[in-house]
S.K.: 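Structure below; questions to follow.
Hydrogens, waters and symmetry mates are skipped; everything else that's a heavy atom, side chains included, is used.
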Amino acid sequence: IAGAGIAESAWRRSRWLAALPSISAQDWLDGVARLVVVSPHPDDEALGCGGLIATARAIGLPVRVVSVTDGEACYPDAPAWPPAHLRAVRRQELERALALLGVDADAIDTLDIGDGRVSEREDALVAALAPLLHPGDRVLTTWRGDAHPDHEATARAVERAAVHCGAEVAQFPVWAWHWLSPDAPASPLPGAQRLVLT
């Protein structure tokens with residue numbers, strides 16, 4: 001992905017986005033035992049559903065966040081940011097960001113699957129997720145069509161792990177906002193709905 005992406009103003013004018021069915025975030029969370037967010041990299045949870053996490057915490061719903069990787073490969077050509085340093089910094093950033101959303105550090109699991117390697121370790125991710133998911137959970141993760149290999153592999157792994165415990169899965173786009181067309185004639189996100197935040 002090159003450039004600044006698509007301007008927010010273009011998304012605000014998008015007819016297909018405005019036409020998606022909407023529901024309040026609180027109503028969408030009604031009856032959920034626990035919200036579990038499985039994030040391929042530290043920041044995907046905040047970018048993709050930070051408002052929903054904050055809403056869940058505000059209404060007293062338990063939230064657990066699973067960080068699949070530490071995002072340690074995001075600056076491969078920057079000598080000042082070697083993977084070990086990035087891993088430590090991004091874990092701190094994850095804890096701080098989630099604290100602002102109302103999630104305590106003891107509700108964060110870091111799996112260290114390997115940034116950029118999720119698809120080759122998909123079976124290991126399914127095995128790691130299995131004991132973390134419970135019946136009654138609503139599990140959020142990145143969209144399986146997001147056009148980022150770690151995001152798509154995480155979505156597939158979450159779907160597989162959730163089947164075994166009866167948890168419900170929903171997905172959110174992150175990178176797709178850079179390449180989807182706000183002017184598409186119809187929604188490119190089948191079955192999507194908008195969650196209205198306070």
S.K.: Assigning hydrophobic clusters by single linkage (Ile, Leu, Val, Met, Phe, Trp, Tyr; side-chain heavy-atom cutoff under 4.5 Å), is L197 placed with L101?
M.R.: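 Hydrophobic grouping puts L197 apart from L101.
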
S.K.: Is there a path of hydrophobic side-chain contacts, each under 4.5 Å between heavy atoms of I/L/V/M/F/W/Y residues, joining L129 to V169?
M.R.: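 Per the 4.5 Å side-chain linkage, V169 and L129 are co-clustered.
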
S.K.: May I ask you to say whether E93 pairs ionically with R96, meaning some side-chain N is under 4.0 Å from a carboxylate O?
M.R.: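 No, no charged N to carboxylate O under 4.0 Å.
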
S.K.: Step by step, work out the side chain to side chain contact (heavy atoms under 4.5 Å, CB included) result for L133 and V36.
M.R.: CA-CA 8 Å; L133 306 182; V36 179; 3.9 Å; yes

S.K.: Less than 4.5 Å apart, side chain to side chain, heavy atoms only: is that true for I23 and V196?
M.R.: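 With C-beta onward as the side chain, the pair stays apart.
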
S.K.: Step by step, would you call L29 with L52 a side chain to side chain contact (heavy atoms under 4.5 Å, CB included)?
M.R.: CA-CA 9 Å; L29 292 167; L52 185 62; 3.8 Å; yes

S.K.: Looking only at non-hydrogen atoms, find the nearest pair between S119 and R156 and report the distance.
M.R.: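 Shortest heavy-atom separation between S119 and R156 comes out as CB-NH2, 4.1 Å.
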
S.K.: Distance check, rounded to the nearest 0.5 Å: S22 atom OG versus R194 atom CZ?
M.R.: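 Here the rounded value is 6.0 Å.
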
S.K.: Taking the side chain as everything from C-beta on, heavy atoms only, tell me whether V68 gets closer than 4.5 Å to D150.
M.R.: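 A side-chain contact is absent here, since even the closest heavy-atom pair is not under 4.5 Å.
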
S.K.: On a heavy-atom basis, which atom in L86 and which in G71 lie closest, and how many Å separate them?
M.R.: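 It is CD1-O, 4.3 Å.
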
S.K.: Could you tell me whether the side chain of D146 and the main chain of A176 form a donor-acceptor pair under 3.5 Å?
M.R.: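 Indeed, once roles are kept as given, a pair shorter than 3.5 Å links the two residues.
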
S.K.: Is any side-chain heavy atom of P182 closer than 4.5 Å to a side-chain heavy atom of I6?
M.R.: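 In short, these two side chains touch, coming nearer than 4.5 Å.
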
S.K.: Would R12 and E8 pass as an ion pair if we require N to O under 4.0 Å?
M.R.: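 Salt bridge: yes.
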
S.K.: Would you give the length of the straight line joining atom CG of L47 to atom OG1 of T142, rounded to the nearest 0.5 angstrom?
M.R.: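 OG1 of T142 is found 11.5 Å from CG of L47.
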
S.K.: Do the side chains of R160 and D123 get close enough for a salt bridge, i.e. N-O under 4.0 angstrom?
M.R.: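 Looking at R160 and D123, the cut-off is met.
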
S.K.: Please check if the number of heavy atoms outside Q26 that lie under 6.0 Å from its CD is greater than 12.
M.R.: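 No, not enclosed.
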
S.K.: Tell me the closest heavy-atom pair linking A56 and V63, and the distance in Å.
M.R.: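 Looking at all heavy atoms of both residues, the closest pair is CB-CG2, 3.7 Å.
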
S.K.: So how far is it from T154 OG1 to E159 CD, rounded to the nearest 0.5 Å?
M.R.: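 Rounded to the nearest 0.5 Å, the OG1-CD separation comes to 11.0 Å.
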
S.K.: Looking at R64 and D137, is any side-chain nitrogen of the basic one under 4.0 Å from a carboxylate oxygen of the acidic one?
M.R.: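 No, D137 and R64 are not salt-bridged.
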
S.K.: Do W16 and D183 make a side-chain contact, defined as non-hydrogen atoms from C-beta onward lying under 4.5 Å apart?
M.R.: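 No - every pair of side-chain heavy atoms lies 4.5 Å or more apart.
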
S.K.: Same cluster or not: V174 versus V158, using hydrophobic residues (I, L, V, M, F, W, Y) connected whenever any side-chain heavy atoms lie under 4.5 Å apart?
M.R.: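 Hydrophobic grouping puts V174 apart from V158.
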
S.K.: Search all heavy atoms of A147 against all heavy atoms of E152 and return the closest pair with its distance.
M.R.: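 Of all heavy-atom pairs spanning A147 and E152, the closest is N-OE2, 2.7 Å.
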
S.K.: Is any side-chain heavy atom of W81 closer than 4.5 Å to a side-chain heavy atom of E72?
M.R.: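 No, too far: nothing below the 4.5 Å cut-off.
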
S.K.: Counting the benzene-type ring for Trp, do H41 and H148 have ring centres under 6.0 Å apart?
M.R.: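 Ring centroids of H41 and H148 are less than 6.0 Å from each other.
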
S.K.: Distance from D112 atom CG to T69 atom OG1, nearest 0.5 Å?
M.R.: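 With rounding to 0.5 Å, CG (D112) is 8.5 Å from OG1 (T69).
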
S.K.: Find out whether R90 and C74 are in side-chain contact, i.e. whether some heavy atom of one side chain is under 4.5 Å from a heavy atom of the other.
M.R.: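 Yes. Closest side-chain heavy atoms under 4.5 Å.
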
S.K.: Tell me whether S24 contacts the main-chain N or O of D27 through its side chain, where contact means a donor paired with an acceptor under 3.5 Å.
M.R.: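 Yes, the answer is positive, given that a donor and an acceptor are paired below the 3.5 Å cut-off.
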
S.K.: Of the non-hydrogen atoms in W11 and L17, which two are nearest, and what is the gap between them?
M.R.: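 That closest heavy-atom pairing would be O-CD2, 3.7 Å.
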
S.K.: Against I53, only a single residue in L61, V37, L140 fulfils side chain to side chain contact (heavy atoms under 4.5 Å, CB included); can you say which?
M.R.: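 Exactly one candidate clears the test, V37.
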
S.K.: Would W28 and D30 satisfy side chain to side chain contact (heavy atoms under 4.5 Å, CB included), going step by step from the backbone distance to the final call?
M.R.: CA-CA 6 Å; W28 191 76; D30 189 41; over 6 Å; no

S.K.: With a 4.5 Å cut-off on side-chain heavy atoms, are V103 and R57 touching?
M.R.: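 Yes, side chains in contact.
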
S.K.: Any chance you could lay out the side chain to side chain contact (heavy atoms under 4.5 Å, CB included) test for D70 and D115, step after step, and finish with the verdict?
M.R.: CA-CA 7 Å; D70 290 320; D115 190 6; over 6 Å; no

S.K.: Provide the closest heavy-atom pair for P21 versus A192 in the form atom of the first, atom of the second, distance.
M.R.: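 Shortest heavy-atom contact: CD-O, 3.7 Å.
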
S.K.: Ring centroid separation for W143 and W177, is it under 6.0 angstrom?
M.R.: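 No - the distance between ring centres of W143 and W177 does not fall below the 6.0 Å cut-off.
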
S.K.: Tell me whether L125 shares a hydrophobic cluster with L94, the cluster being built from Ile, Leu, Val, Met, Phe, Trp, Tyr side chains joined at under 4.5 Å.
M.R.: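 No, separate clusters.
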
S.K.: NE2/H151 to CZ/R144 distance, rounded to the nearest 0.5 angstrom?
M.R.: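 One gets 14.5 Å once the value is rounded to the nearest 0.5 Å.
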
S.K.: Return the CG to OG distance between D43 and S67, rounded to the nearest 0.5 Å.
M.R.: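 Output value for this atom pair is 9.0 Å.
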
S.K.: Can V32 be reached from F172 by stepping across I, L, V, M, F, W or Y side chains whose heavy atoms are under 4.5 Å apart?
M.R.: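 Yes, same cluster.
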
S.K.: Answer yes or no: is there a side-chain heavy-atom contact under 4.5 Å between D77 and Y75?
M.R.: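 Not in contact.
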
